[in-house]
Amino acid sequence: MAGIYDYINRFWAEAERNPFNPTEVALYHYLLYEANRLRWNMPFACHTAILCVRLSTTKQNISKARQHLKERGLIDCQVGTGIHTPALYSLTIQPFRQLPHQVTQQLTHELTHELTHELTVQLPHSNIKDKDEDIINSQHAREDGHKPLDKLESLLLADTAWQDKIIEVLAKRENWIIDRSRLHGHIRDFFDEQRIGGNAQRDESDCRSHFYHWIIKHLNTTRYGTKRKSPTYRDSDVTAVSAEEYEGAF
């Protein structure tokens, strides 16, 4: 006797071959629920009106979904004639049709021969080995996003677009004016500190973010850079020409 998982596996195997619409999916799984609730005594009765309420759909959609499931060998159904004679449902598991053994054997032999020939022509043995190594190395690179500090330093020093963005953000948000040559010096200082701290490798994205926060703190605690005046700052004219003129209230 088939179990509930056999029916579920059969349904999704069929769905991989040709997907079901939402009503068909909902109807099949509700019938599966009903069959399990009734301890697999089939056929079992189920009113179409109840299905419409349970699945929030119309009688027409139920009829179409029921017919489609039946055509694909997932259910068997005897349509009811009224409220006193509801439709009767049975879940079925029909195995996929298999080709005769001789046909299967012949196809296997021919396909094996053709595929072997094609792969040999397109991918010589040395290329296959190289491609396998490339795949392994690229997979390793995806799994391990860390890079040596020397490589990261070179990447950041060469990334002029990223440097321009750093300079722009520092000027806009922090009022610091930094030229590119001075920024390069800060990048080198940053990586020197990383090496002193014992770091040998870092994640590139994390490293870029860390540098941005590092340089803000660094500029705020050193004399490097030129602090830009606030846009609301206005110079005041000095009119006094002697010490006596400074006496009195300002």
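- For the side-chain hydrogen bond (donor to acceptor under 3.5 Å, both in side chains) criterion with Gln67, the lone passing option out of Glu71, Lys64, Lys70 is Glu71.
- To the nearest 0.5 Å, the span separating CG on Leu32 from OH on Tyr7 amounts to 8.5 Å.
- In this structure a side-chain-to-backbone donor-acceptor pair under 3.5 Å is present from Asp6 to Gly3.
- Residues meeting the ring pair (Phe, Tyr, Trp, His ring centres under 6.0 Å) test with Tyr212, sequence neighbours left out: none.
- For the residue pair Asn36 and Trp40, the shortest heavy atom distance occurs at OD1-NE1, 3.4 Å.
- For Thr92, there are no side chain to side chain donor-acceptor pair (under 3.5 Å) partners at least two apart in sequence or on another chain.
- In this structure, Phe11 has its ring center closer than 6.0 angstrom to the ring center of Phe20.
- Nearest approach of Cys46 to Leu51, heavy atoms of both residues: SG-CD2, 3.6 Å.
- The closest side-chain heavy-atom distance from Leu219 to Ile178 is below 4.5 Å.
- Here Asp206 pairs with Arg202 under the side chain to side chain donor-acceptor pair (under 3.5 Å) rule; sequence neighbours left out.
- Under the rule for a side chain to side chain donor-acceptor pair (under 3.5 Å), Thr160 has no partner lying at least two apart in sequence or in another chain.
- Hydrophobic clustering places Ile62 together with Phe44 (ILVMFWY residues linked when any side-chain heavy atoms are closer than 4.5 Å, directly or through intermediates).
- Listed by chain and number, the residues in a side-chain contact (heavy atoms from CB on, under 4.5 Å) with Arg54 are Tyr30, Ile50 (sequence neighbours excluded).
- Sorted by first and then second residue, the pairs that involve residues 25-34 and meet salt bridge (charged side-chain N to carboxylate O under 4.0 Å, His left out), not counting sequence neighbours, are Glu34-Arg37.
- For Tyr89, there are no ring pair (Phe, Tyr, Trp, His ring centres under 6.0 Å) partners two or more places apart in sequence or in a different chain.
- Scored by the side-chain contact (heavy atoms from CB on, under 4.5 Å) test, Ser209 finds His213 as partners (sequence neighbours excluded).
- With sequence neighbours excluded, no residue satisfies side chain to side chain donor-acceptor pair (under 3.5 Å) with Arg188.
- Atom CG of Leu152 is separated from atom CZ of Arg208 by 8.5 Å, given to the nearest 0.5 angstrom.
- Here the closest non-hydrogen pair linking Asp203 and His146 is N-CD2, 3.5 Å.
- Note that the CG atom of Leu155 and the SG atom of Cys207 stand 9.5 Å from one another [nearest 0.5 Å].
- Not counting sequence neighbours, the partners of Asn18 by the side-chain contact (heavy atoms from CB on, under 4.5 Å) test are Arg72.
- Atom CG of Leu27 and atom CG of Asn21 lie 10.0 Å apart (nearest 0.5 Å).
- Here CZ of Arg66 is found 7.5 Å from CD1 of Ile75. Values are rounded to the nearest 0.5 Å.
- Residues passing the ring pair (Phe, Tyr, Trp, His ring centres under 6.0 Å) test with Phe190, sequence neighbours excluded: His210, Phe211, Trp214.
- Note that the NE2 atom of His186 and the CD1 atom of Ile215 stand 4.5 Å from one another [nearest 0.5 Å].
- The shortest distance between side-chain heavy atoms of Leu91 and Tyr28 falls below 4.5 Å.
- Cluster membership for Ile93 and Leu38, using ILVMFWY side-chain heavy atoms within less than 4.5 angstrom, is shared.
- Under the 4.5 Å side-chain contact rule for hydrophobic residues, Tyr33 and Ile8 share a cluster.
- The two residues Gln163 and Ala158 make their nearest non-hydrogen contact at NE2-N, 4.0 Å.
- Side chain of Asn220 to backbone of Ile216: a donor-acceptor contact under 3.5 angstrom is found.
- In this view, Pro22 satisfies the side-chain contact (heavy atoms from CB on, under 4.5 Å) rule with no residue, not counting sequence neighbours.
- Note on Val53 and Val25: separate hydrophobic clusters, where clusters join Ile, Leu, Val, Met, Phe, Trp and Tyr whose side-chain heavy atoms are under 4.5 Å apart, directly or indirectly.
- Nearest heavy-atom pair, Thr23 versus Asn61, reported as atom, atom and distance to 0.1 Å: CG2-O, 3.8 Å.
- The minimum heavy-atom distance between Gln201 and Leu149, with the atom names listed, is N-CG, 4.3 Å.
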